[in-house]
Amino acid sequence: MNMIEGHMAFQPAAGIPVWDIDPYAESVLLNSGDYYAELRARGPLVYIPKWSVLASGRYEETREIFSDHNRFVSSRGVGLNDFKYGKPWRPPSIILEVDPPDHTKTRKVMARALSPKAIAGLKEDFRRAAERIIDQLIEQGSFEAVAELAEAFPVAVFPKAVGMIDSDRRRLVDYGAMVFNALGPDNKFRLAAMAQASDIVPWITAACARDRLTKDGLGALIYGAADDGEVTEDEAAMLVRSFLSAGVDTTVTGIGSALWCLASNPQEFERLKADPSLARPCFEEVLRFTSPVHTFTRTANQDTEVAGLPIAEGTKILCALASANLDPAKWGDPEVFRIDRKPVGHMAFGAGIHGCVGQNLARLELEAVLSVLAERVDHIEFAGEAVWRPNNAIRALDHMQLRFIAK
Ligand code: HEM
Ligand code: OVM
């Protein structure tokens, strides 16, 4: 068998256009809008010989693939590596990288811990943290928004919500970036991320243990499910690891991208100030417009077809969520950022049974940040260039100097 990046290489079926591009090249990751437009224009599915994968960039087909967990499985990995053949870099997630019935059990436990009811009590704490951080930045004048707000806020509230006794900002943020880079090929981004593994992974593993968590956090709810016999003690630790894998870098990216959207579209920030109740719809539009997780894959578990095009068992499909979110066949003026668009059906949290189980918590965090901004900041100015940090699965800022002018 001819393997590439841990999955089976294959020849495309007749009718599937071939596109000689590297979606993981730095230039593509940094200028993804052009790549997505061409991906959608070339067809519902294209074959990319560089990595021997199919790619889907149109809304309809991306949604179809993501919604059908029977044909397009997650248990073979949601990156380029096919777990049926390649060795995963870490023990696979027992929620993200599994199918039913395994998924059903762990999903239930996580969904309960992250339900609107379970997280409602966090609202006040999120709000106070946002006020404290944003007031400080208003006083400071110019500041580096990625470190001082996008990272500072989630790192102030999320480990505490989980009940972590040990918190380490650098390791928490870099672990997320590592997990997402690991989904791509073994390029320079993945290699650079993996070089940190021997420092970060043992720290993360230790932080997930029952005795490193307080008794009143989300982590304790997961261990409570172990006490009730729903999951084993080891499974509970793995589910806490999922919190730390998926819960930090994603919201860091969401906040950074929200600030970038509002600084680039001052008229939209004016509308948010005029009506702070738009904080939630504003975040949904940030998600549609920027798609923090730009790509996840699925693996065809059987011979099948999409849009009338044949797909062989074992095929890896790059699902470009960010491209689906900009598809003009689905969205009017997709390139326009409009905080009251209310983009129902956007793909930034995925779709189907694996749809983001932390989305209520993510929304609670962004609601706190955006409503405090709307109430206390008169305008947001760039005080330098926004610089993006290429990552194989996430579209995040590296740094961005901003200024908040007080009301
Ligand atoms: C799943 C995005 C925040 C935990 C997902 C998926 C996406 C996503 C696209 C689907 C994965 C797939 O289908 O393969 C995001 C974004 C976030 C965010 C854009 C913030 C802006 C969070 C937070 C948590 C979290 C705060 C934890 C508290 C998870 C978990 C899964 C998941 C555990 C796996 C669910 C499953 O497989 O059933 N997320 N996420 N996410 N997310 Fe999030
Ligand atoms: C996990 C997980 C869940 C969602 C996203 C993610 C790739 C990881 O369960 O480890 O990042």
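Every number for a ligand or one of its atoms is a count from 1 in the order of the listing. Throughout, numbering of the chain's residues begins at 1 and tracks the sequence.
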Give, for atom [atom1] of [X] and atom [atom2] of [Y], the distance between the pair rounded to the nearest 0.5 Å.
X      : Y      : atom1 : atom2 : result
Leu309 : Leu54  : CG    : CG    : 9.0 Å
Met164 : Phe158 : CE    : CZ    : 8.5 Å
Arg363 : Leu361 : CZ    : CG    : 11.0 Å
Ile380 : Leu272 : CD1   : CG    : 8.0 Å
Glu230 : Leu239 : CD    : CG    : 10.5 Å

[X] versus [Y]: any side-chain heavy-atom pair under 4.5 Å?
X      : Y      : result
Ile405 : Val377 : no
Trp19  : Leu39  : yes
Tyr36  : His294 : yes
Pro292 : Leu287 : yes

Task: Steps toward salt bridge (charged side-chain N to carboxylate O under 4.0 Å, His left out) verdict (Glu233, Arg210) - done: CA-CA 9 Å; Glu233 188 84 5; Arg210 189 194 279 262; 2.9 Å; yes
TODO: Examine ligand 1 and decide if any of its atoms is less than 4.0 Å from a heavy atom belonging to Ile353.
DONE: yes
Open item on the list: Contact between ligand 1 and Gly254 is defined here as a heavy atom of the residue under 4.0 Å from a ligand atom; is it met?
Closed with: no
Task: Per-atom contacts, ligand 1 versus Phe158 - under 4.0 Å to a heavy atom - done: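 In order of numbering, the contacting atoms are 28 (C).
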Task: Subset of ligand 1 atoms that lie under 4.0 Å from at least one heavy atom of Gly247 - done: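 Result: 23 (C), 24 (C), 26 (C), 27 (C).
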Does [X] have its ring centroid less than 6.0 Å away from the ring centroid of [Y]?
X      : Y      : value
His69  : His354 : no
Phe404 : Phe143 : yes
Trp260 : Phe337 : no

Among all protein heavy atoms, pick the one closest to [atom] and tell me residue, atom and distance.
atom                     : result
atom 43 (Fe) of ligand 1 : Cys356 SG, 2.3 Å
atom 10 (O) of ligand 2  : Arg90 NH2, 2.9 Å
atom 2 (C) of ligand 2   : Leu96 CD2, 3.7 Å
atom 11 (C) of ligand 1  : Phe296 CE1, 3.3 Å
atom 16 (C) of ligand 1  : Phe349 CE2, 3.6 Å
atom 19 (C) of ligand 1  : Ala348 O, 3.6 Å
atom 11 (O) of ligand 2  : Phe180 CZ, 3.2 Å
atom 30 (C) of ligand 1  : Val357 CG1, 3.6 Å
atom 34 (C) of ligand 1  : Leu96 CD1, 4.0 Å
atom 4 (C) of ligand 2   : Ala246 CB, 3.3 Å
atom 10 (C) of ligand 1  : His354 O, 3.4 Å
atom 20 (C) of ligand 1  : Thr250 CB, 3.6 Å

Open item on the list: With the threshold set at under 4.0 angstrom, would you say Met178 reaches ligand 2 through any of its heavy atoms?
Closed with: no
- [ ] Could you tell me whether Arg107 and ligand 1 have an N or O pair separated by under 3.5 Å?
- [x] yes
Open item on the list: Are any of the N/O atoms on Arg298, whether in the backbone or the side chain, positioned under 3.5 angstrom from an N/O atom of ligand 1?
Closed with: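 The answer is yes, given that Arg298 and ligand 1 share an N or O pair closer than 3.5 Å.
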Open item on the list: Going by the closest heavy atom to atom 38 (O) of ligand 1, which one wins out of His103, His294, Glu365, Met110?
Closed with: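 Of the listed residues, His103 has the closest heavy atom.
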Task: Minimum non-hydrogen distance to atom 36 (C) of ligand 1, winning option of Leu114, Thr104, Asp99, Ile95 - done: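 Nearest option to atom 36 (C) of ligand 1, by heavy atoms: Ile95.
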Open item on the list: Can you tell me which portion of Phe66 lies within the under-4.0 Å heavy-atom range of ligand 1? Options are side chain, backbone, both, or neither.
Closed with: side chain
- [ ] Answer with side chain, backbone, both or neither: which part of Ser93 has a heavy atom less than 4.0 angstrom from an atom of ligand 2?
- [x] side chain
TODO: Indicate yes or no for a side-chain donor-acceptor contact from Asp398 to the backbone of Val387 under 3.5 Å, with no hydrogens or angles considered.
DONE: no
Would you mind running through ligand 2 and noting each atom that sits below 4.0 Å from a heavy atom of [X]?
X      : value
Ile95  : 9 (O)
Val179 : 7 (C), 11 (O)
Ser242 : 1 (C), 9 (O), 10 (O)

Open item on the list: Please determine whether the number of non-hydrogen atoms from other residues, nucleotides or ligands lying under 6.0 Å from atom CD of Gln196 exceeds 12.
Closed with: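 Atom CD in Gln196 is packed in, count exceeds 12.
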